[in-house]
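These numbers were taken from a predicted model, which means no experiment stands behind them. Each chain gets a letter, A, B and so on, in the order its sequence line appears, and its residues count up from 1.
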Amino acid sequence: MRLGKIRETAMQGVFFLTAITSIAAVVIICIFLFCNGIPAMAKIGFSEFLGGQKWSPTNVPPSFGIFDMIIGSIYVTAGALVIGVPVGILTAVFLARFCPASLYKVLKPATELLAGIPSIVYGFFGLMVIVPLIRQYFGGNGSSLLAASIVLGIMILPTIIGVSESAIRAVPESYYEGALALGATKERSVFKTILPASKSGVLAGVVLGIGRAIGETMAVVLIAGNQVQIPKSITDGVRTLTANIVLEMGYSTGLHREALIATGVVLFVFILLITLSMQAIKSRSENHG
Amino acid sequence: MDKFQIQSMNLHYGKFHALKNINLNMQKNKITAFIGPSGCGKSTLLKSLNRMNDLVEGCKITGSLKLDGEDIYGNMDVNVLRKRVGMVFQKANPFPMSVYDNIAFGPRTHGVKNKKQLDEIVEQTLKDAAIWDELKDRLKKSALGLSGGQQQRLCIARALAVKPEVLLMDEATSALDPISTGKIEELCMKLKNEYTIIMVTHNMQQALRVSDYTAFFLLGEMIEYNDTDTIFSSPKEQKTEEYITGRFG
């Protein structure tokens with residue numbers, strides 16, 4: 001009896017420790033980022049850093065304006081959504097409501113496999129396939145906003161498909177039957193009753209996809225061109241916040257290095273906002289059944 | 001006049017023989033009730049009338065089911081069939097949208113786009129379903145906020161909005177309190193002037209109160225079919241008598 005009690009207490013301690021690990025990791029990362037990033041921002045000047053359009057860290061005197069890269073990250077993410085959201089949601093609808101069981105056995109693992117492919121492989125695929133195609137059909141050198149959007153659009157598919165599909169499956173069958181019983185076709189019943197009823201779950205999938213897209217680095221850095229500029233067309237090159245960090249971290253020192261960490265802080269704030277909106281969506285969908 | 005004619009109909013769910021040699025004609029502008037213990041096949045028969053059984057995998061039907069002489073399982077477009085033969089489910093299933101959009105869903109499905117016309121349909125249907133006074137100020141509110149009884153009457157209204165000829169009611173009051181049940185029964189009596197109503201019920205008092213004809217089912221067979229008064233006062237079959245007097249089921 002007493003041995004059992006000791007064991008239970010010990011196991012509770014183990015569980016507590018494991019639970020604390022992830023929280024500790026988040027806290028330590030926060031501290032690291034903000035302790036290094038905020039002073040750098042202060043030194044550069046907050047508006048100069050966030051709103052400045054000149055990034056020349058090795059000039060004398062240097063300029064550290066990341067505005068173009070903030071816009072770059074937003075453009076690339078938006079481009080990925082334009083491609084990934086319609087394809088992802090329609091795929092989820094197909095998988096949940098239209099797919100024959102035999103096809104499902106192939107399609108579902110295929111979409112899951114998509115999630116497991118390392119991002120460097122996506123980047124490689126983009127570089128060898130997408131970039132030359134864009135060069136051929138749209139002109140420019142191919143490494144561009146468009147290339148990054150296409151590859152990121154594919155990369156966020158598994159997230160959107162997975163979350164949306166389970167949201168669609170969670171909708172009560174009675175809505176579907178009710179629509180059919182009114183003489184609606186299967187398509188209309190699905191798109192006018194089931195899909196709207198699953199909208200908060202689908203939206204959660206999209207938000208997760210945004211998080212994935214904005215944080216993606218390796219694939220983007222290979223195919224986006226990485227010029228510091230606000231792209232004027234989709235075939236222009238673009239540099240994202242993540243690309244900026246990975247490109248320059250290797251050789252940076254002093255304030256330059258701190259400015260890159262501050263770039264990380266901005267990225268972190270983006271992710272924080274996305275996570276918060278995710279929580280808001282979740283609690284809203286819980287309140288509304 | 002016969003609205004439905006069913007001849008030597010058999011229904012299998014996979015290997016299970018759920019309905020055995022059913023022969024039944026149901027009259028227009030009357031209320032027909034299907035009674036019988038759970039699993040006797042009465043809901044299955046009801047769902048065959050608007051082909052909702054098509055959704056059940058392995059469901060196979062032989063024999064003939066006709067609506068106004070037209071074969072239901074023949075060339076008839078299933079969506080047209082379901083427009084003509086509306087259905088109210090056991091559990092109220094309003095869509096998660098406003099009261100207005102719930103009613104307008106059917107008409108929109110069948111091509112009504114004009115806003116004024118939709119407004120008229122919504123108002124008229126809710127009046128027909130005797131729920132206009134309760135809901136007229138909440139048309140834009142979510143239907144999920146209504147009480148269970150209101151939801152079910154909204155579903156009846158939603159079914160009426162596509163102007164069906166028949167209304168199938170699958171234990172439509174079994175989840176409701178007596179007052180709501182009473183309102184729906186009253187509504188059925190009013191509606192039968194314009195619609196043919198077929199209801200499945202577990203409540204024998206309800207069948208007796210509301211229906212003109214009653215069919216008694218047991219283990220997939222139709223034991224007896226007659227006008228309701230005869231069934232309840234002098235049933236021909238012993239099994240019917242045992243069931244309605246509460247000796248089994």
Roughly how far, to the nearest 0.5 Å, is the CG atom of B:Asp54 from the CG atom of A:Leu180?
-> 9.5 Å
Around B:Lys116, counting heavy atoms of other residues, nucleotides and ligands shown, do more than 12 lie under 6.0 Å from its NZ?
-> no
Using a 4.5 Å cut-off on heavy atoms from C-beta on, say whether the side chain of B:Lys47 contacts that of A:Glu177.
-> no
For chain A, which of B:Gly86, B:Pro96, B:Gly106 has the most heavy-atom pairs under 4.5 Å?
-> B:Pro96
Closest approach of A:Gly178 to B:Phe95 (non-hydrogen atoms, all atoms of both residues) = C-CZ, 3.8 Å
Of the backbone (N, CA, C, O) and the side chain (C-beta and beyond), which part of B:Arg84 lies under 4.5 Å from a heavy atom of chain A, both, or neither?
-> neither
Quick one: closest heavy-atom pair of B:Met87 and A:Ala181, and the distance?
-> CB-CB, 4.0 Å
Contacting moiety of B:Val80, where chain A heavy atoms sit under 4.5 Å = neither
Of the backbone (N, CA, C, O) and the side chain (C-beta and beyond), which part of B:Arg51 lies under 4.5 Å from a heavy atom of chain A, both, or neither?
-> neither
Given a strict heavy-atom distance threshold of 4.5 Å, which part of B:Phe89 is in contact with chain A: side chain, backbone, both, or neither?
-> side chain
Just by distance, do the side chain of B:Asn93 and the backbone of A:Ser174 share a donor-acceptor pair under 3.5 Å?
-> yes
Nearest 0.5 Å, what's the OG1-NZ distance between B:Thr109 and A:Lys192?
-> 9.0 Å
Check: A:Leu182 main-chain N/O paired with B:His110 side-chain donor or acceptor under 3.5 Å | yes
Does a sphere of radius 6.0 Å around NZ in B:Lys91 hold more than 12 heavy atoms from other residues, nucleotides or ligands, not counting ones at 6.0 Å or beyond?
-> no
Picking from A:Pro196, A:Ala179, A:Pro172, which has the most non-hydrogen pairs under 4.5 angstrom with chain B?
-> A:Ala179
Contacting region of A:Lys186 [heavy-atom separation from chain B under 4.5 Å] = neither
Please state whether the side chain, the backbone, both or neither of B:Pro94 comes within less than 4.5 Å of a heavy atom of chain A.
-> backbone
Under 6.0 Å from the NZ atom of B:Lys28, do we count more than 12 heavy atoms belonging to anything else shown?
-> no
If you draw a 6.0 Å radius around CZ in A:Phe98, do more than 12 non-hydrogen atoms from other residues or ligands fall strictly inside?
-> yes
Any chance you could lay out the side-chain contact (heavy atoms from CB on, under 4.5 Å) test for A:Tyr175 and B:Met97, step after step, and finish with the verdict?
-> CA-CA 11 Å; A:Tyr175 297 159; B:Met97 43 180 97; over 6 Å; no
